[in-house]
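Here the structure comes first, spelled out in C-alpha cells, and everything after it is commentary.
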Amino acid sequence: MLNLIPKPLHAIEKGGNTPFSRKTALTGDFNHLFDTLFPMMPNTDNAVENKLVFKTDSSMPSEAYHIICTDDNNILISSSDASGAFYAVMTLLQLADGNGVIPSVEIEDAPRFRHRGFMLDCARHFWSVDKIKQILDVMARIKMNIFHWHLTEDQGWRIEIKKYPLLTEKGAIRKSTALSLTGYEEHKEPRDYTEYGRGLYYTQEEVREVVAYAAKRNINIIPEIDMPGHFVAAIACYPELSCTEEKVDVSDRWGVLDNIACCGKENIYRFVKDIIDELCELFPYPYFHIGGDEVPKDHWKVCPNCQKKIRELGLKDENALQSYFNNVISAYLKEKGKHTVGWNEILEGENLDNSIIPQWWILLDDSIREKKWIEDGNQIILSLVDYVYMDHAFAIRPLKKTYSFGPEVFGVEDESNILGVEAPQWTEYIRDTQKLDMNTFARLVAMSEVGWTAAENKNYDDFERRLENLRGYFSSIHAPIAPQFIYRGDTVGEKSEEKRVEKGWEMWRADPYFEFKLMKKEEEI
Ligand code: ACM
Ligand code: ZN
C-alpha cells in the first residue's frame, strides 16, 4: 500500500522496485530544476544507475504530473510545466523515504485547488530565516505552494522599509509580553517583562533570500501589511498616522485594539504607497495582502478628518470609508500588476472593488456577503478559524476537524471561484520553535491534503494511517508530527465533543502551553 500525502488522484503499484537515488540521471525538459532536485535525492550506498526523463505534455493542466516506472528500470515523468515536474519528484521522495529505491508505480495526479497556503505570524513572535526555510522545505514536500508572510502587527513591525527606518528601529520593540489570557480583561495577565523585538526584523536582503529559496521549491510568497487596524507598531513610530495623533508605545496587549490608522487624512495613503513601492521590488508574486481584519471604527466615528472624508466622498458610513481606502490601495497595487487580498471583514463596507480577494476566516451575518461575492463570479480564499487555525489546542480543534475542511463546510458547492485554502499560524502564545512545531506540522500535513486531494479521495482514518506510517519521514525532514494523543485532542479527559471543546478552551486560555507540557512529560517517561 502506498503511503503518500497528499493522496494522489490515481496510483497503482506495478510490482517490484525501481531505483531512485543520486545515481539516477536527471534528463530531459525542465533542466533548470535539476540543481534543486539532485541534493534532495537519496544518497545511498550500492544504489543502481538509471534514468529519470522529464517530458513536456502541454495538454496537461498546470501542476499536474504523470509518473511511469518503465519496464527497463527508468522513470518517465510528464507534465505541462515545471511545477508538475517538481511535484512528481516530491512524490518520488516520499516513496523512497531515504532509500535508493521506490516501489514501481504509475501515478496520475493533479491538485484540487490552485492556492494551497500557510500563513505565519512573524510579528507577535519573530521566526528566523532558517526556521522559515525549514518550513518552506516541508511545504514543498507536501505540495503546498503559498507562504503568506504576516509581517506587521500592533505588537511589532518586522520588515525593513528603507524610507521609514523607525518602523524597525522602534516599531519592532515592545516592553513586555502577555503569556496567557487569564486576567486579560483587567490587564492582569501573567507577563514576561523582558523587552521583546530589538533587532528582530527581516532585512530586505533576507527577504530576497527567502523569496528565492521559496521559488526554487515552487512556493510563492504573499506579504501582508495589516491595515488600517493591527497598525499600532507603525502608529507608535508615526503618531500622525492615527486619528488622535496621541503618542503611544508599540502594544503589549493582544486582541483587537481601537487605535487604528486614520483614513481621513492624506498621509496614510502616501505612507502605504511608499511601503508598497519597496515591497513590490522584493516580492515578485502578483498578490499582496492588505489585512483589513478587526477594524473597530470608534476613533473614525469621532475624528473630524474621517468624518469630513466620509461627507466629501458621499460615503454611507465608516465601513464604506474602509472600502474606499481598500479600493485606493488596490488600484495602486493593480498599477503594479498585483491582485489585492484582504481578510473577509473587508466585505462589510459597500462598493468594494470586486477584483479584491477576501480571505474568509470568520462567519459574519449568515455569510450573505461572502456567498454573494462568489456567486457573482469573484474569487475567495478559505481559512475558517474553527477548522484551520493552528494556534489553538488540539482539544479545541483536533486534526480530524482540520482535515474535514473545504468549501462544503460553508455550504458552497460550486468550487470554480474558490482560489484555494490556507491555514494561518498566529503566534501570540507560541514563543519557541518546539511549540511552533507541535502546533504546526501535523495540521500542515492535514492541510496539504485539504488543498490537494480530490474530495472523493479524502478519508480521515486512511489519512491518519498514512500519517503514522510517514511519521519517520516527517521527522527526517524536520517536521515532527505531534503524538497521536495530542493531535486527536485526547488531552482534557472529555469524551463528548462539546465538553472537550469547552474544557479545551478553558485550559488553553489559562495556559496555552498545557498540551505542550503534557507532550514533554510523555517524552520523559
Ligand atoms: C484574524 O484572525 N484576525 C484574521
Ligand atoms: Zn481619522
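Both ligands and their constituent atoms are indexed starting at 1 by order of listing. Note that the structure is predicted; figures quoted are calculated from it, not measured.
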What side-chain hydrogen bond (donor to acceptor under 3.5 Å, both in side chains) pairs are there with at least one residue in residues 497-507, not counting sequence neighbours? none

Here the Zn ion (ligand 2) sees protein N, O or S atoms within less than 2.8 Å, and their number is 4

Could you check whether the rings of [X] and [Y] sit parallel, tilted or perpendicular, using 30° and 60° as the cut-offs?
| X | Y | answer |
| --- | --- | --- |
| Phe231 | Phe271 | perpendicular |
| Phe147 | Phe118 | tilted |
| Phe410 | Trp360 | tilted |
| Trp254 | His125 | tilted |
| Trp426 | Trp343 | tilted |

Would you check if there is a donor-acceptor pair between the side chains of Glu209 and Tyr213 at a distance under 3.5 Å? no

Would you mind listing each N/O atom of ligand 1 next to any protein N/O under 3.5 Å, plus the distance?
| from | atom 1 | to | atom 2 | distance (Å) |
| --- | --- | --- | --- | --- |
| ligand 1 | 2 (O) | Tyr389 | OH | 2.7 |
| ligand 1 | 3 (N) | Asp293 | OD2 | 2.7 |
| ligand 1 | 3 (N) | Glu294 | OE1 | 3.2 |

Kindly list each side-chain donor-acceptor pair under 3.5 angstrom involving residues 411-419, sequence neighbours excluded, with atom names and distances?
| from | atom 1 | to | atom 2 | distance (Å) |
| --- | --- | --- | --- | --- |
| Asp414 | OD1 | Ser416 | N | 2.9 |
| Asp414 | OD1 | Ser416 | OG | 2.6 |
| Asp414 | OD2 | Ser416 | OG | 3.2 |
| Glu415 | OE1 | Arg112 | NE | 3.3 |
| Glu415 | OE2 | Arg112 | NE | 3.2 |
| Glu415 | OE2 | Arg112 | NH2 | 2.5 |
| Asn417 | ND2 | Ile374 | O | 3.0 |

Inspect the surroundings of NZ in Lys458 and state if more than 12 heavy atoms from other residues, nucleotides or ligands are less than 6.0 Å away. yes

